[in-house]
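First comes the structure, then the notes that go with it.
We name chains A, B, ... by the order of the sequence lines, and we start the count at 1 in each one. Note that the coordinates shown come from a computational prediction; the quantities given were computed from them, not determined experimentally.
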2 protein chains.
Amino acid sequence: MAGIKDVAKRAGVSVSTVSNVINGRHAKMGARTLRRVQEAIDDLSYTPNAVARQLKSGQIKTLGLVVPSVANPFWGNASQLIEKAALKRGYQVLICNAEREPELEATYFSSLYASSIRGTILGSSPVSFDHLREHARNGMHIGAFDRTTQGAEGVVTCSVSVDQSLGARLATRHLIGLGHRRIGFISGPIGTSSRTARLEGMRQELEKAGLTPDPDLVWLATNATGFGDSQAAELGRTGIRELLTLDDPPTAVFTVNDMYAIGACSGARELGFRVPEDLSVVGFDDIIMAKVMEPPLTTIRQPVEQMAELIVKKLIATLEGTETTDDAHVVLRPELIVRSSTAAPPAPNAQEKD
Amino acid sequence: MAGIKDVAKRAGVSVSTVSNVINGRHAKMGARTLRRVQEAIDDLSYTPNAVARQLKSGQIKTLGLVVPSVANPFWGNASQLIEKAALKRGYQVLICNAEREPELEATYFSSLYASSIRGTILGSSPVSFDHLREHARNGMHIGAFDRTTQGAEGVVTCSVSVDQSLGARLATRHLIGLGHRRIGFISGPIGTSSRTARLEGMRQELEKAGLTPDPDLVWLATNATGFGDSQAAELGRTGIRELLTLDDPPTAVFTVNDMYAIGACSGARELGFRVPEDLSVVGFDDIIMAKVMEPPLTTIRQPVEQMAELIVKKLIATLEGTETTDDAHVVLRPELIVRSSTAAPPAPNAQEKD
DNA sequence: CGTATTGTATGTAACGTATTACCAACTGAC
DNA sequence: GTCAGTTGGTAATACGTTACATACAATACG
């Protein structure tokens with residue numbers, strides 16, 4: 001309620017003087033004046049209006065963060081780490097849940113742009129970047145997090161991700177190494193680039209091992225129902241039930257993320273399958289839960305903390321013009337974490353001749 | 001980059017006219033003028049500057065949301081539902097992770113206040129509200145979510161929560177009903193009011209059943225290490241290991257939330273205890289994972305969606321002066337969800353005479 | 001004694017928008 | 001042909017802050 005004018009009046013000085021005090025420019029100021037101003041500030045419990053300040057300066061130390069859903073522990077965790085990294089550098093973070101919907105995402109971007117935010121971290125989005133191209137042209141700097149940036153030329157300023165395809169290949173290789181030949185894949189709507197990369201990586205590795213990917217073993221939720229990530233576990237459960245009731249069911253399944261894996265384990269158990277004795281499951285992300293669930297989940301770890309630190313550093317450097325010599329785009333290596341949800345297939349595989 | 005002036009110049013009209021178009025006051029405006037203005041807006045891809053708009057109007061349709069940690073699925077989920085409820089009413093939500101630290105919380109509040117935000121939902125905080133009292137006096141409206149509001153007179157405008165104590169009593173009663181006599185409690189730092197209420201509820205129910213609460217069975221993490229919620233599962237694991245290695249270990253444990261329960265199940269298995277055959281576990285919250293884990297978790301459900309809807313509705317009503325006749329404070333009933341992590345104790349209890 | 005030279009403190013013009021009051025031109029009726 | 005009423009548009013001001021240039025002392029110097 002109290003503005004800088006009120007403070008000035010109460011202290012008997014000009015508005016400029018108060019402004020000088022607030023911004024620490026009291027080097028050459030009368031000690032008496034300084035004290036009077038500070039007292040007035042305290043008395044009125046005055047807080048500078050950040051909005052006005054920002055209008056004047058044009059600057060705003062806030063980053064946007066667009067994620068699919070903080071209800072998914074992977075993104076909840078990532079959000080928190082990104083916020084922490086930003087805070088350390090004096091930036092705030094505005095978290096937006098886009099639910100993987102392009103329109104919602106576009107709306108959020110407009111809103112961020114209107115609020116003078118010129119840097120946002122994009123942690124999800126449909127394969128295409130077209131709906132963001134205009135914002136980018138108008139001065140919005142976009143950093144891609146955990147997703148490939150194909151087709152993003154001129155839109156994405158910097159990016160940090162994990163080699164999604166490699167992750168999928170590591171998972172698949174692990175299962176093949178255990179003796180699996182029929183390996184399923186479970187995912188929600190495949191509309192994001194990191195998801196397609198994961199599926200593609202798996203296919204590659206299967207072919208490399210001389211196996212023919214069976215389209216029947218790829219279970220993809222349609223996004224007809226508008227499912228968000230909140231239902232990921234539920235979808236994993238549904239998916240595995242359909243795969244396991246096929247005539248020739250898989251002996252192992254690779255899921256697009258750990259939430260689906262958790263759901264898959266649950267669904268398999270409901271049908272009387274034991275994990276890993278009757279079905280091996282590999283997830284992706286290595287969320288906290290993965291270590292602690294039963295059985296502990298074999299999964300692909302993404303170095304989230306490092307990724308968060310990097311993307312924030314890069315994006316802020318871009319914003320502040322402190323271009324470093326670092327690469328604008330880094331791709332980190334994911335890591336296979338072997339726990340107890342994978343094992344050799346139940347019996348010599350009768351169906352597979354090869 | 002392009003301001004309202006540029007649009008006006010390009011359309012050959014005055015600034016005010018453009019302003020009228022933007023704000024939908026084109027009822028009595030020449031069709032030609034209107035079209036020219038809209039074309040100019042499109043050409044320059046002009047977006048009204050939200051900052052300037054807000055400075056002028058003093059209004060801002062944004063709510064603050066302070067939570068312990070979005071990395072905890074309960075809060076991630078709650079955040080998402082709150083955001084959804086607010087968005088439906090035309091409000092944005094600014095999510096802040098306070099990590100249960102009073103200073104961080106106070107910093108966030110100052111920052112929200114400086115940004116002209118006058119309504120925030122508080123989803124966590126130390127027992128005392130003193131550090132928020134001044135903000136409240138200066139016009140910040142605070143809605144408490146999922147926490148009791150003792151000592152919050154004059155600080156909290158409205159609140160929605162669950163009867164924490166009742167939840168704890170339901171859990172305890174369930175365990176007692178199954179025949180358990182030595183029931184443990186596991187929690188992180190007990191510094192929040194909802195946590196103390198949960199512990200207290202359990203004690204009450206024990207005494208009501210004629211059992212004497214054994215302080216040795218109450219395991220509370222010290223907050224020496226500054227553990228946040230991210231480590232909740234880890235703490236649950238540590239806690240149960242200590243309780244199960246006592247001379248006279250508990251046959252059941254009630255944890256302060258589901259994340260601790262998950263950790264506890266994991267820790268128990270490491271020591272060779274089966275859940276629920278050797279140890280019963282009850283959680284709190286009913287996060288999505290609870291249904292899907294192994295074994296499915298018996299827990300106390302909070303009606304999060306309803307709570308989110310209510311708190312947003314109430315807080316916005318306060319802000320907009322649309323005082324309704326509703327109660328400012330509502331306390332909902334939690335519900336016991338019995339799944340498979342609880343069962344009768346392993347054997348006739350030899351130690352307990354009673 | 002007049003002119004620099006400091007040391008303080010003030011005035012003023014933005015920043016981009018919304019609102020209020022106001023003005024000009026046109027319409028139609030008496 | 002004048003007056004009221006209607007329609008379409010403008011100018012000025014305020015929102016709370018900051019940055020820059022300037023004013024006014026008082027002291028120092030030649």
Among residues at least two apart in sequence or on other chains, which ones pass side chain to side chain donor-acceptor pair (under 3.5 Å) with [X]?
| X | value |
| --- | --- |
| B/S79 | none |
| A/S57 | none |
| B/R10 | B/D43 |
| A/T62 | none |

Residue list, ring pair (Phe, Tyr, Trp, His ring centres under 6.0 Å) with A/H141, at least two apart or on another chain = none

Taken in chain and number order and not counting sequence neighbours, the residues that satisfy ring pair (Phe, Tyr, Trp, His ring centres under 6.0 Å) with A/Y91 are none

ring-ring contact (aromatic ring centres under 6.0 Å, His included) partners of residues 94-122 of chain B, not counting sequence neighbours, each pair once | B/Y113-B/H135

Degree of bending in the helix from C/dC1-D/dG30 to C/dC30-D/dG1 once both end axes are built from five pairs, to 10° = 70°

Acceptor/donor pairs from residues 308-315 of chain B side chains to any protein atom, 3.5 angstrom cut, sequence neighbours excluded:
| from | atom 1 | to | atom 2 | distance (Å) |
| --- | --- | --- | --- | --- |
| B/E309 | OE1 | B/K88 | NZ | 3.3 |
| B/E309 | OE2 | B/K88 | NZ | 3.0 |
| B/E309 | OE2 | B/R89 | NH1 | 3.2 |
| B/E309 | OE2 | B/R89 | NH2 | 2.9 |
| B/K314 | NZ | B/D327 | O | 2.5 |

In residues 106-120 of chain B, which residues come under 4.0 Å of DNA chain D by heavy atom?
-> none

Sequence-aligned protein contact record of nucleotides 17-29 of chain D, with B where the base is within under 4.0 Å of a protein heavy atom and S where only the sugar-phosphate is | BBB----------

Which side chain to side chain donor-acceptor pair (under 3.5 Å) pairs, counting each pair once, include a residue from residues 12-25 of chain B, with sequence neighbours left out?
-> B/S14-B/T17, B/N20-B/R25

